[in-house]
Structure formats: structure tokens, C-alpha cells
Amino acid sequence: MKKVIIIGAGPAGLTAADTLLKENKEDYSITVLEGSGDVGGISRTVTYNGNRMDIGGHRFFSKDERVMQWWKDRLPVQGAPSFDDKKLGREKTLSPGGPDPEKEDNVFLIRNRISRIYFLNKFFDYPISLKPQTFINMGFKRTVKSGFSYAGSLVHKREEKSLEDLYINHFGRTLYSMFFEGYTEKLWGRHPSMIDPSWGKQRVKGISVTEVVKNAFGKIFGSKSNETSLIEEFIYPKYGPGQLWEKVAEDIQSDGAELIKNAKVVSLSKENGEISSVTYEKDGERITLEADIVLSSMPVKDLIEAMEFEVPEKIGRIASGLPYRDFVTVGLLVDKLNLKNETDIKTLGNIVPDCWIYVQDTDVKLGRIQVFNNWSPYLVKDAENTVWIGLEYFCSEGDSFWNMSDEKCIDLAVKELIKMGVINSESDVLDSHREKVKKAYPAYFDTYSHMDELVDFLNTFGNLYCIGRNGQHRYNNMDHSMATAFEAADAIINENPDKSAIWNVNTEQSYHEKK
């Protein structure tokens, strides 16, 4: 029986454990080491005073059919209306024989995908569309200026050395300045001119002014665009993403895996060119486990640092220089929002129907607003009479925002909402909570340009498999993290030494939320 150590109980680590056990639980002795007291990584759900927070927002949608089927095998899709659909008379294509979410908890809900940009105190479609309302919101001068700017970008293409070059080539400088420059700098803490274009390529593929025009005229004249449309629905666990990962954690333990929480990995040893053991610290005690196979979803920077054997100086320098952005969510419970629902979509309390609202204004630090009521009414203790929102901030561990007390951070968040006109006053806030997440976003600058050299070094260890977002230092969505686990498990099961398929997940240049 092979001793398998899996570092991290997020989507990648739990998926890898489950896949190996489902193949043949008699072949593998699996231990999962989780550094925190929770499972799910940033895909966890936090409960506070009866209201639940999804850390970062997780749409359960994937172009990978294996991932979609894996999810549905663990939680069935609803077969009867959810609380809000029933109240509002909204129709959904339900799953025949599926559970009733009003009676059962283990269920995926079918939710509408609605995210918009909030800019100039107005809502814009995300991605930008050519609806009349877009031009009304922009105003005549901005619209004309944007058109000439885009025309210029078609004639004079920039060499795409940075994210800024990429955006300007796709949208022109005016639209780039309006909808990408400020938000990108909020997210990464660096101007787009300093960021590698890799991250943006997947997010703008097929989403350009040219394609928007084609789609608009195609609808008018009945022709079809070459680009598929954005997804309109996704599935979502009744109680948020953490519900699914908590269930998977229970399942793998029932199948024989050992899950150890609050187990911080502090060192790895090697023997004969392979990782031979992993040492973790728990309650002040250090415990060493022998390993035949190691799957790591811990940050690459920390993985290299934990290697107690000699690492080439350049590799150590690349790893230590890998950048991250950290994340803070402030949950606020309010009576109502000042934002008007001017859509045709019915909502409880007639609140705006958005899952996410992207905040473009650069005079506030706030990056996005999650409206938890719209992800699932069951995330909110009283979804009919209150609105539970998550204010998302991007920062760096140790900076002034990260080091703020809960009280000062929440006070700043409330003041920004008032400044934006989203709420009227501090008295509108009924309850509040803050969550901090380290290394939420692997970033694409500094030593990232030498990532290939780091990958080559890691691949020299035949029994080490790097999986997940932080395990590969790649901006993986949840389904991509799972796909890296599938590929790693397949390589282990088939004794395939080639790890290229694992590292090639999420390198395709196509938009993640296209049908």
C-alpha cells in the first residue's frame, strides 16, 4: 500500500484524495494535512449569526464535463422550486426526480448568472454590451471618444508585453481607462503596464468591441456569431461552496483517508531524488510522516521554503519572489439597498438581481460587492426582509488595510457604501463581520516570469505533484484546481511520469464562462 500525503484540504486536495480512493482504496493509504481548522480553502463557507458568507464567490460551472458530473454525483440538482423561486413565481428548468430544497439540504440550486459593473453611479453589463442603455450611461461624448479610440487600436496594434497592451488592443484606450485600468490596479496592487498579459488573455478572449458589434448586428439580422454566449445559469450548493467540500471531506474519511486539521507543513525531506517524508506541526508538536507520493496544493513559495535539503540558489530566489494578493471580505447585513432594480428580473424585496457588482470607481478601495441573497436565499437568515452583502477588498498581507482592526475596517467599508449611495447611513447596518484570506490570488509579476524554471525543478521529483491554485501559482478557478487533481491522480494510477497534462490545465486561451 502506497503512502500518499496530500497537503491542503481545498478543492484540489480533496478531489485528489477522493479520486484515488474511488479508483482503489486498497492501493493507497491517504493522509490529508490541512493547515487551518476548515476544509475547502477559499471555497469554504463562513457562518456568522445565522448568515453565511461565500469567500470570494464560487459559481459551479465548468466546460470540463468530468468536473460537472463529479459535482452532480455528490449533490443532486434541485427538482422543485427554491424558496425565492416559489415566492416570486420564477420558472427554472428543474431536474426530474431531484430533491426539494425546501425539504432537503443536500442539493444544488439552479441560479441566474448576473454580474454587472457599477460605474458613474450606473449599471453596465459585464462584459460590456451594445445595448442602448450602455450608450445612455456613457453619454454622447464618451461614446464618440470610445469609438475613435477603438478604431485607432485596430490600426496601431501594440506589442503585448503587458496586460495594459492586451486590453488596449482589444478595447481601445478609452474603454480600457474606463473599465479595466482602475479595477485591475485595485485587484493586483500594480498598474496593468507592470503585469504579465497571461492572466488577461483568458478573460478577454472573444470579448472585444469587434465581437460585441458582430453579436449586436447578428441579433438584428438573425445571423450567428462565431463566439458562444456567456453562461446564463450555474448550479450552487444550498448553503454555499463549503457545504460541498465538507461533504467530500466526510466521504473521504468514510473511505479510509485520514484528515488532520490545523496541521502546518514545516519541512520536506528527500531520498534518492524523491520526497521521502513530510513533517507537520500541530499543537506545538512536530510529527513526521513517510511518503511514497506527495500531492501539494500549498503555495509554491512555502513549498520550496519547507524543503530542508539544498535548493539551487536561483530556484530559491524565484520562489521567494513569487507575489500574491490577499483578500478581505466585510459582511454587512442591511435592511435594504438604495440601488434600484430596473431589470425585468423578479427578486425578493425587489433588490438588484446581481450576484456580483464590480466597482470601477477609483475613489473607493472597494473592488466588488456580493449580494448573498442572489447566490442562495438559504445563505441569509431572513432573506425576505434583510440583504446580506459581502464587500470584497484586495490588499497585501501586512499593509495598512490588512492590519486594520475589525472595527476600523468595517467602519471604512460602511462609509464607502454611503459615499457610493448604496446605503443611506450607518444606522442601516444591522450586523457585520470581517474575514481575511492570505495568498488568495497568485499574481503574475515580479519573479513569475521565471515560473517555467521553477516548474522544471519541481518536476525533478518524480513523486511530487503540484496541484491547485497556489500549488501551481496560477489563477485557477475551482474547476481548474479540480482538473489538476484529476490529472495528477490519473498520472499516479497509471504510473505515468509525464506531468505536462497537470501543468497544462488552465492554459487554454479561452474565456472561462463561455458556454
Side-chain angles (χ1 to χ4, degrees), residues 8-12 34-48 51-59 115 182-190 195 199 203 240-242 245 297-302 322-332 355-360 362 364-372 375 379 388-414 416-417 432-446 448 468-478 480-481 512:
E34 169 54 43
S36 72
D38 302 298
V39 300
I42 61 171
S43 300
R44 68 185 185 276
T45 304
V46 174
T47 302
Y48 182 76
N51 295 297
R52 294 176 170 86
M53 299 173 69
D54 177 347
I55 304 299
H58 291 86
R59 297 190 184 105
S115 296
Y183 182 82
T184 302
E185 192 163 6
K186 277 187 193 182
L187 174 57
W188 296 115
R190 299 282 182 95
I195 300 174
W199 177 76
R203 284 155 175 77
W245 298 113
S297 64
M298 70 190 290
V300 176
K301 175 186 285 189
D302 298 341
L322 288 175
Y324 301 83
R325 281 294 268 176
D326 306 291
F327 179 77
V328 170
T329 297
V330 176
L332 295 180
C355 300
W356 264 318
I357 299 169
Y358 292 83
V359 180
Q360 293 295 133
T362 54
V364 294
K365 185 173 176 59
L366 177 60
R368 289 188 307 201
I369 302 172
Q370 275 196 87
V371 186
F372 294 118
W375 289 88
L379 295 180
W388 177 231
I389 58 176
L391 311 185
E392 300 183 355
Y393 290 90
F394 315 110
C395 58
S396 296
E397 182 184 354
D399 68 14
S400 58
F401 186 82
W402 179 269
N403 288 333
M404 274 186 183
S405 66
D406 285 354
E407 183 180 340
K408 285 185 177 180
C409 182
I410 291 167
D411 182 61
L412 181 146
V414 171
E416 289 201 333
L417 281 194
S432 59
H433 179 66
R434 176 170 75 156
E435 284 288 326
K436 299 162 75 173
V437 182
K438 297 179 182 179
K439 294 183 173 67
Y441 302 104
Y444 288 40
F445 40 83
D446 294 344
Y448 173 79
R469 175 181 281 203
N470 278 328
Q472 296 194 335
H473 199 87
R474 187 173 292 153
Y475 195 91
N476 286 330
N477 287 342
M478 180 169 54
H480 299 126
S481 293
H512 292 155

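Values reported hereafter were calculated over all heavy atoms of this structure, with side chains retained and with hydrogens, waters and symmetry mates removed.
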Do the non-hydrogen side-chain atoms of [X] and [Y] ever get within less than 4.5 Å of each other?
{"X": "Thr184", "Y": "Ile195", "answer": "yes"}
{"X": "Val328", "Y": "Cys395", "answer": "yes"}
{"X": "Leu417", "Y": "Ile389", "answer": "yes"}
{"X": "Arg44", "Y": "Val437", "answer": "yes"}
{"X": "Arg368", "Y": "Val359", "answer": "no"}
{"X": "His433", "Y": "Asn51", "answer": "no"}
{"X": "Arg190", "Y": "Asp446", "answer": "yes"}
{"X": "Ser396", "Y": "Arg325", "answer": "yes"}

Looking at [X] and [Y], what are the two nearest heavy atoms and their distance?
{"X": "Gly471", "Y": "Val300", "result": "O-CG2, 3.2 Å"}
{"X": "Gln370", "Y": "Gly56", "result": "NE2-N, 3.7 Å"}
{"X": "Gly240", "Y": "Leu379", "result": "N-CD2, 3.7 Å"}
{"X": "Ser43", "Y": "Pro11", "result": "OG-CG, 3.6 Å"}
{"X": "Pro299", "Y": "Tyr324", "result": "CB-OH, 3.5 Å"}
{"X": "Leu366", "Y": "Glu416", "result": "N-OE1, 3.1 Å"}

Nearest 0.5 Å, please: how far is [atom2] in [Y] from [atom1] in [X]?
{"X": "Thr47", "Y": "Arg52", "atom1": "OG1", "atom2": "CZ", "answer": "4.5 Å"}
{"X": "Met53", "Y": "Thr45", "atom1": "CE", "atom2": "OG1", "answer": "10.5 Å"}
{"X": "Ser297", "Y": "Asn476", "atom1": "OG", "atom2": "CG", "answer": "11.0 Å"}
{"X": "Glu435", "Y": "Asp406", "atom1": "CD", "atom2": "CG", "answer": "9.0 Å"}
{"X": "Phe401", "Y": "Lys436", "atom1": "CZ", "atom2": "NZ", "answer": "9.5 Å"}
{"X": "Tyr448", "Y": "Phe445", "atom1": "OH", "atom2": "CZ", "answer": "12.0 Å"}

side-chain contact (heavy atoms from CB on, under 4.5 Å) for His480 and Arg474? Distances and angles first, verdict last. CA-CA 10 Å; His480 299 126; Arg474 187 173 292 153; over 6 Å; no

Checking Ser405 against Lys408 for the side-chain contact (heavy atoms from CB on, under 4.5 Å) test, could you report, in this order, the C-alpha distance in whole Å, the side-chain angles of both residues, the deciding distance, and whether it holds? CA-CA 5 Å; Ser405 66; Lys408 285 185 177 180; 3.4 Å; yes

Which residue in the set Met298, Lys438, Lys439, Lys301 passes side-chain contact (heavy atoms from CB on, under 4.5 Å) when paired with Asn470?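 Among Met298, Lys438, Lys439, Lys301, the one that satisfies the side-chain contact (heavy atoms from CB on, under 4.5 Å) with Asn470 is Lys439.
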
If you measure from the Lys or Arg side-chain nitrogens to the Asp or Glu carboxylate oxygens, is any gap between Lys365 and Glu392 under 4.0 Å?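 Salt bridge: no.
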
Taking the six-membered ring for Trp, are Phe327 and Tyr393 ring centroids under 6.0 Å apart?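 Ring centroids of Phe327 and Tyr393 are no less than 6.0 Å from each other.
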
Verify the ring-centre separation between Tyr358 and Tyr183: is it less than 6.0 angstrom?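 Under 6.0 Å, so yes.
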
Partners meeting side chain to side chain donor-acceptor pair (under 3.5 Å) with Thr362 (sequence neighbours left out):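 For Thr362 there are no side chain to side chain donor-acceptor pair (under 3.5 Å) partners, ignoring immediate neighbours.
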
Identify, with sequence neighbours excluded, every residue that meets side chain to side chain donor-acceptor pair (under 3.5 Å) alongside Ser115.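 Arg59.
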
Whether Tyr444 and Trp188 hold their rings parallel, tilted or perpendicular, with breakpoints at 30° and 60°: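 Correct class here is tilted.
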
Please step through side-chain contact (heavy atoms from CB on, under 4.5 Å) for the pair Trp375 and Trp388, ending with a clear verdict. CA-CA 11 Å; Trp375 289 88; Trp388 177 231; over 6 Å; no

Look at the side chain of Asp399 and the backbone N and O of Trp402, then say whether any donor-acceptor pair between them is shorter than 3.5 Å.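 Pair found, side chain donor or acceptor close to backbone of Trp402.
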
Kindly confirm or rule out a cation-pi arrangement of Arg469 over Tyr475, judged by NZ or CZ under 6.0 Å from the six-membered ring centre and within 45° of its axis?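 That pair qualifies as a cation-pi contact.
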
